Amino acid sequence: MEDQKKRFTDSGIEIKPVYSSGDLHLTDNSLPGQFPFTRGVQPDMYRGKLWTIRQYAGFSTAEESNKRYRYLLSQGVSGLSVAFDLPTQIGYDSDHALSEGEVGKVGVAIDCLDDMEILFDGIKLQDVSTSMTINATGFILLSLYVALAKKQGADLKQISGTIQNDILKEYAARGTYIYPPKPSMRIITDIFEWCGAELPKWNTISISGYHIREAGSTAVQEIAFTLSNGKAYVEAALKKGLDIDVFGKRLSFFFNAHNNLFEEVAKFRAARRLWAGIMKDLGAKDPKAMMLRFHTQTGGSTLTAQQPVNNISRVTIQALAAVMGGTQSLHTNGFDEALSLPTEEAARTALRTQQVIAYESGVVDSADPLAGSYLVESLTDEVEKEAIKLMEKIEAIGGSVSAIEQGFIQDEIARSAYEYQRSIERNEKIIVGLNKFKMDTPDHIPILKVDDSIRAIQIQKLDNLRRNRDKARCDQLLQSLNDRASSDENLMPVVIEAVEQKCTLGEIADTLREVYGEYKQ
């Protein structure tokens, strides 16, 4: 009997049994590399240059993470992606009482310039593109990176990489914020301004939909909320008097890739088209300032602890979606990450997945290979239309900052997450190995364990640092930072000087806590 049951994407877009030319309403006949960049930001896409193949890594001490980075570089990784532990993310040194039990667990512990030197030992910063997943303390980690680059004798004009630096999604979905929204936005625009003059190849923000999706949003919500946040950052920079055609070129985005291959490809295409229009409306004249360039990570929340080897298939589908959707950079998750940080074997398998796609699949041979597909073109239009509706609601509230302060975005994500979980529990949504095709025998997967003794190692390093630095100079610089925070002066120069003089991450973060306070939801 013919299946007459309606089918929907995870965003609730109905999928017809078959699509034909009558479903196409192509008003955008642009080619790849042309406004509005629906088909990609480069005319030849991967024929000219592959996406940056990254592996997100960082755990334990700087020494251990350095070993993993050097191993990944030896295996063909073309860019590093650094994960920091929770104390580093929220501005506490490893010896702070609130750091206990968390040092080195979900990323590497970085307290000071000495740690940064060890983290990149043997790696020339001018020769590698580095992405740092850091938000509330992004300005400090960038300062540490710059201080190390200067120590290596690098030309700052040639340093390339990205800091995530997207605080709005922290309030909405993730929670590693420190300061209230307004001073946080001030710090971000200070970074835009300083990098525009001193670090021209650096991506000053990676506006993140990834964590919004991980928190339970749909694909449509992911791009609607992310692009709304992006618009808020641009408006804040314009208010500061910055040139949209300068800072606009250094904005980048960070998206998730889930299992619905065609909806994900459509999402990436729609996001590019929407952003180009937003930037044009905000006054951008340079096409490069209208390009939506993005990094993709495969979906962490889609990984299952049950039958974890199945995750290799999931990651492959998601990576294909990212590549066929035109990503500029990609991280593939390890198959064991529902259980622990990835082992070396799992990280290598994830890396090889990208390399097989790049060199064996043929999907890199043509730009936007799914263009013209009745289904994908129709889905691109539908995703765009639904995202616009949601973005208009956010605008009516007063923009992203107001929508977050009023809880609108958080409530929308929570509702979608609840509905998705209910669909799994009712067996309407099949997750292989979880609610169907289950096995009674347990899987025996080796997992990576981080030793609790790491905190003691970091505390000893901090004790040595504080004994051997110029305390009076450090106090002077921290007071200067305090004074600047209450003025309109850019914070970056004094933060860079502070880390060069061995002020710690926690001391700098605490100095601004004194001025700005801490945000409580």
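Hydrogens, waters and symmetry mates play no part in the numbers below; they use all other heavy atoms, side chains included. Since the structure is predicted, the reported quantities are computational estimates derived from the model, not experimental observations.
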Would Q75 and Y71 satisfy side chain to side chain contact (heavy atoms under 4.5 Å, CB included), going step by step from the backbone distance to the final call? CA-CA 6 Å; Q75 295 297 304; Y71 170 75; 3.7 Å; yes

Assess whether side-chain hydrogen bond (donor to acceptor under 3.5 Å, both in side chains) is satisfied between R54 and S129, documenting all intermediate values. CA-CA 9 Å; R54 297 189 187 276; S129 168; 2.8 Å; yes

Under the salt bridge (Lys or Arg N to Asp or Glu O under 4.0 Å) criterion, do D95 and R466 qualify, and how do the steps go? CA-CA 12 Å; D95 58 358; R466 292 190 178 112; 2.7 Å; yes

With side chain to side chain contact (heavy atoms under 4.5 Å, CB included) as the test, would you mind laying out the steps for Y69 and V77 before giving the verdict? CA-CA 9 Å; Y69 296 156; V77 156; over 6 Å; no

Verdict with reasoning, I178 to T137, per side chain to side chain contact (heavy atoms under 4.5 Å, CB included): CA-CA 8 Å; I178 303 175; T137 54; 3.8 Å; yes

For T332 and L351, run side chain to side chain contact (heavy atoms under 4.5 Å, CB included): C-alpha distance rounded to whole Å, both residues' side-chain angles, the deciding distance at 0.1 Å, then the answer. CA-CA 7 Å; T332 31; L351 170 61; 5.7 Å; no

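Residues K280 and F35 form a side-chain contact, since some pair of their non-hydrogen atoms from C-beta on lies under 4.5 Å apart. Taking the side chain as every heavy atom from C-beta outward, L168 and F225 never approach each other to under 4.5 Å. At a threshold of 4.5 Å between non-hydrogen side-chain atoms, the residues F139 and M492 count as touching. Looking only at side-chain heavy atoms (C-beta outward), Q479 and T511 stay at 4.5 Å or farther from each other. A 4.5 Å side-chain heavy-atom check between I188 and I167 finds at least one atom pair inside the cut-off. In this structure, L119 and L148 have side chains that are not in contact, with every pair of non-hydrogen atoms separated by 4.5 Å or more. Counting heavy atoms from C-beta on, the side chains of T204 and L199 never come closer than 4.5 Å. I212 is listed as a side-chain neighbour of T226, based on a closest heavy-atom distance under 4.5 Å.
For the residue pair S329 and R293, no side-chain donor N or O sits within less than 3.5 Å of a side-chain acceptor on the partner. Between the side chains of Q458 and R455, not a single donor N or O lies within less than 3.5 Å of an accepting N or O. A donor and an acceptor atom, one from each side chain of S208 and H211, are located under 3.5 Å apart. With no hydrogens or angles considered, a side-chain donor-acceptor pair links N464 and Q460 at under 3.5 Å. Defined by atom type and a distance below 3.5 Å, a donor-acceptor pair is missing between the side-chain atoms of Q89 and D85. Using modelled atom types and a 3.5 Å distance limit, the side chains of E264 and N256 yield no donor-acceptor pair.
Judged by a 6.0 Å distance limit and a 45° cone about the ring axis, K393 is not positioned over the six-membered ring of F408. Figure legend: R174 and F254 shown without cation-pi pairing, the cationic atom not lying both under 6.0 angstrom from the six-membered ring centre and within 45 degrees of its axis.
S228 and A224 make their closest contact through OG-O, 2.8 Å (heavy atoms, listed as atom of the first residue, atom of the second, distance). Nearest heavy-atom pair across I159 and A154 is CD1-CB, 3.9 Å. P342 and A347 get closest at one heavy-atom pair: CB-N, 4.4 Å. Of all non-hydrogen atoms in T296 and A257, the two that sit nearest each other are CG2-CB, 3.7 Å. Across all non-hydrogen atoms, the minimal contact from R484 to N490 is NH1-O, 2.6 Å. Across all their heavy atoms, S143 and V499 have their closest contact at O-CG2, 3.7 Å.
Rounded to the nearest 0.5 Å, atoms OG (S94) and CD (E100) are 12.0 Å apart. With values rounded to the nearest 0.5 angstrom, Q221 atom CD is found 12.0 Å from K267 atom NZ. Remark: L141 CG to T130 OG1 distance equals 11.5 Å, nearest 0.5 Å. Atom CG of L251 sits about 11.0 Å away from atom OH of Y233, to the nearest 0.5 Å. H295 NE2 to S206 OG: the interatomic distance, rounded to the nearest 0.5 Å, is 7.0 Å. Atom CG of L505 is separated from atom CG of L144 by 7.0 Å, given to the nearest 0.5 angstrom.
Of the possible donor and acceptor atoms, one in the side chain of E170 sits under 3.5 Å from a partner among the backbone N and O of T176. Between the T504 side chain and the E507 main chain, a donor and an acceptor come within less than 3.5 Å of each other. The main-chain N or O of S217 is never found under 3.5 Å from a side-chain atom of S416 such that the two would form a donor-acceptor pair. With R272 contributing its side chain and L292 its backbone, the two residues share no donor-acceptor pair below 3.5 Å. The closest donor-acceptor contact from the side chain of Q328 to the backbone of G326 lies under 3.5 Å. In this structure a side-chain-to-backbone donor-acceptor pair under 3.5 Å is present from K169 to D166. Checked by atom type and distance alone, the side chain of N66 pairs as donor or acceptor with a backbone atom of D121 at under 3.5 Å. Checking side-chain atoms of D470 against main-chain N and O of A472 turns up a donor-acceptor pair under 3.5 Å. Remark: the backbone N or O of I123 is paired with a side-chain donor or acceptor of Q152 at under 3.5 angstrom. Under the 3.5 Å distance criterion, the side-chain polar atoms of T302 are matched with a main-chain donor or acceptor of G299.
Close placement of the Y145 and W202 rings is indicated, their centers lying within 6.0 Å of each other. Checked against a 6.0 Å centroid threshold, the rings of Y210 and F255 do not count as neighbours. For an aromatic pair to be called close, the ring centres must be under 6.0 Å apart, and W275 with F37 fails this.
Contact check on D488 versus R186 returns no salt bridge, with no Lys/Arg side-chain nitrogen under 4.0 Å from an Asp/Glu carboxylate oxygen. For the pair E344 and K67, the salt-bridge criterion is not met [side-chain N within less than 4.0 Å of a carboxylate O]. Of the charged side-chain nitrogens involved, none lies within less than 4.0 Å of a carboxylate oxygen, so that R269 and E384 do not count as a salt-bridged pair. Classification of K240 and D190 as a salt-bridged pair holds, one side-chain N sitting under 4.0 Å from a carboxylate O. Looking at K461 and D115, a side-chain N of the basic residue comes within less than 4.0 Å of a carboxylate O on the acidic one, giving a salt bridge. Ion pairing of K471 with D475 is present here, as a side-chain N (NZ or NE/NH1/NH2) and a carboxylate O approach within less than 4.0 Å.
Looking at residues two or more places apart in sequence or on another chain, you find a ring-ring contact (aromatic ring centres under 6.0 Å, His included) between Y177 and Y171, Y519.
Atom NZ of K157 sits in a crowded spot, with more than 12 heavy atoms from other residues, nucleotides or ligands closer than 6.0 Å.
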